[in-house]
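Right, one structure below, let's go through it.
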Amino acid sequence: MSGCILIMLIACSLDCAYAQGNFRKPLVWDVISVKPVAADKCGDSGGVLPLPDGVSAACVPLAFVVEVTYHLLDQDRIIGLPKWAESESQMYSIEARVSSEDASAFAKLSRDDQFRMLQQVLTDRFRMKAHMESREIAAYELVIAKGGQKLKEPEPNEPGSSSFSAASGNLKWANAPLTNLKFLLGRETGKPVIDKTGLTGKYDFTLEFAPAARAATDDTGRPSVFTALDEQLGLKLVSAKERVDVLVIDSIEQPAAN
């Protein structure tokens, strides 16, 4: 969805709410904390997590916060980030919370909408200005391999879940759709992944591969993600050119102290 369309939808939602006498104010952060953290103080921990009344990003590069906030989990779709924002030598810990009066309304938001509120932090504390535009870029299409897909049908009433470890190359799906698989593959390959499999059901599978970032030192004997997809899941990544929405960073600054 383009930025213009998103703005129009938000504006329409607000106009309709006011027209119907619903004057609920848009949610905004009540407290924001932004702290630079040296990478050697973080170890292997880090990530973005929801809180009952906010969001916490601990020991992550700013680029990752931008990816999560705009739901663009492949870096090729973010244009113009400076080196300091991409570098893993400079991490950030960010905590944003709504007021106690707004906590109940915040808890009712979807996870994506909760994370999307971090755009306020990027605007207020990093002076970030950005816009969406459509560009044709190098990508991968996820398709079914020649031998056919090898995904398993879930058991009746099986709980749905998905988990992954990007650092170790372990993905586990249980009674879950392939929706987020393309984002995880995009992070591993560094290019957007477009799902062209036509598979719309829910599946069980395990995928194990050697992450590209550890290929030089990996001694597990695991294959690359490309080979693992074919051999273990019957899926394949094919090089392509795709027109996709990208986020263009017009300007951004290192944050001022709290």
Side-chain angles (χ1 to χ4, degrees), residues 1-17 25-29 32 34 47-50 54-55 57 60-88 90 92 94 96 98 106 109-142 166 177-196 237-255:
M1 179 181 294
S2 69
C4 292
I5 295 175
L6 179 59
I7 292 172
M8 290 173 63
L9 287 175
I10 293 174
C12 178
S13 298
L14 291 176
D15 289 344
C16 293
K25 64 180 181 180
L27 291 178
V28 296
W29 299 121
I32 296 174
V34 176
V48 180
L49 298 172
V55 177
V60 292
L62 186 63
F64 185 73
V65 178
V66 176
E67 291 172 22
V68 171
T69 301
Y70 285 87
H71 204 56
L72 296 172
L73 301 186
D74 36 72
Q75 292 186 3
D76 278 11
R77 292 179 65 186
I78 302 176
I79 311 297
L81 273 179
K83 294 296 184 183
W84 62 264
E86 296 180 332
S87 173
E88 294 189 359
Q90 178 60 73
Y92 288 92
I94 299 172
V98 298
F106 178 83
L109 295 178
S110 69
R111 184 70 52 83
D112 285 349
D113 284 341
Q114 290 176 347
F115 288 169
R116 193 173 289 115
M117 281 184 63
L118 286 175
Q119 291 180 22
Q120 298 176 22
V121 177
L122 295 172
T123 299
D124 294 346
R125 301 301 299 274
F126 293 87
R127 302 292 187 265
M128 186 175 118
K129 296 180 181 179
H131 68 277
M132 301 293 293
E133 63 181 55
S134 178
R135 291 189 182 184
E136 185 176 73
I137 63 175
Y140 287 111
E141 292 180 350
L142 181 66
L178 298 183
T179 309
N180 289 330
L181 179 61
K182 61 184 179 182
F183 297 116
L184 301 179
L185 295 176
R187 289 195 61 80
E188 170 62 18
T189 63
K191 295 181 181 179
V193 173
I194 312 301
D195 186 356
K196 295 293 184 72
L237 288 173
V238 180
S239 295
K241 289 283 189 179
E242 292 285 344
R243 181 162 290 279
V244 298
D245 284 342
V246 300
L247 179 70
V248 180
I249 310 298
D250 299 308
S251 61
I252 191 169
E253 302 174 7
Q254 297 194 46

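Values in this document were obtained by computation on a predicted structure and should not be read as measured data.
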task: Check step by step if side chain to side chain contact (heavy atoms under 4.5 Å, CB included) holds for Y140 and L185.
output: CA-CA 9 Å; Y140 287 111; L185 295 176; over 6 Å; no
field: M132 side, atom CE; Y70 side, atom OH - distance, nearest 0.5 Å
entry: 8.5 Å
- prompt: Could you state the interatomic distance from CG (L247) to CE (M128), rounded to the nearest 0.5 Å?
  reply: 5.0 Å
- request: Give the intermediate values and the outcome of side chain to side chain contact (heavy atoms under 4.5 Å, CB included) for residues R187 and F64.
  value: CA-CA 11 Å; R187 289 195 61 80; F64 185 73; 3.9 Å; yes
query: For the residue pair E86 and P61, what are the closest heavy atoms and their distance?
result: O-CB, 4.2 Å
message: Is there a side chain to side chain contact (heavy atoms under 4.5 Å, CB included) between I194 and V244? Walk through the geometry before answering.
response: CA-CA 10 Å; I194 312 301; V244 298; 4.2 Å; yes
- prompt: Can you tell me how far the CG atom of D113 sits from the CZ atom of R116, to the nearest 0.5 Å?
  reply: 5.0 Å
- prompt: Who are the salt bridge (Lys or Arg N to Asp or Glu O under 4.0 Å) partners of E88, not counting sequence neighbours?
  reply: none
statement: CG of L62 to CD1 of I252, rounded to nearest 0.5 Å, is 5.0 Å
Interatomic distance, Q114 atom CD to D112 atom CG [nearest 0.5 angstrom]: 9.5 Å
task: Mind running ring-ring contact (aromatic ring centres under 6.0 Å, His included) on H71 and F115 for me, showing each step along the way?
output: CA-CA 9 Å; H71 204 56; F115 288 169; 9.1 Å; no
field: Listed partners of D250 passing side chain to side chain donor-acceptor pair (under 3.5 Å), at least two apart
entry: H131
field: side-chain contact (heavy atoms from CB on, under 4.5 Å) partners of V28, counting only residues at least two apart
entry: Q120
query: Once the angle between the rings of F126 and Y92 is folded into 0 to 90°, is it parallel (under 30°), tilted (30 to 60°) or perpendicular (over 60°)?
result: perpendicular
message: Ignoring hydrogens, what is the shortest heavy-atom contact between M117 and V98? Give both atom names and the distance.
response: CE-CG1, 4.2 Å
message: If you compare all heavy atoms of T69 against all heavy atoms of Q119, which two are closest, and at what distance to 0.1 Å?
response: CG2-CG, 3.1 Å
task: For the residue pair V68 and V60, establish whether any side-chain heavy-atom pair is separated by less than 4.5 Å.
output: no
- request: Identify the two heavy atoms, one from V193 and one from G186, that lie closest to each other, and give their separation to 0.1 Å.
  value: CG2-N, 3.7 Å
query: Hey, what do you get for OG1 (T179) to CG (D195), rounding to the nearest 0.5 Å?
result: 8.0 Å
- prompt: Which residues satisfy the salt bridge (Lys or Arg N to Asp or Glu O under 4.0 Å) test with K196, sequence neighbours excluded?
  reply: E141, E242
message: Using the salt bridge (Lys or Arg N to Asp or Glu O under 4.0 Å) criterion, which residues pair with E133? Sequence neighbours excluded.
response: R135
task: Please name all residues satisfying side-chain contact (heavy atoms from CB on, under 4.5 Å) with S134, sequence neighbours left out, ordered by chain then number.
output: R243, D245
query: Side chains of L237 and L142: does their closest heavy-atom pair fall under 4.5 Å?
result: yes
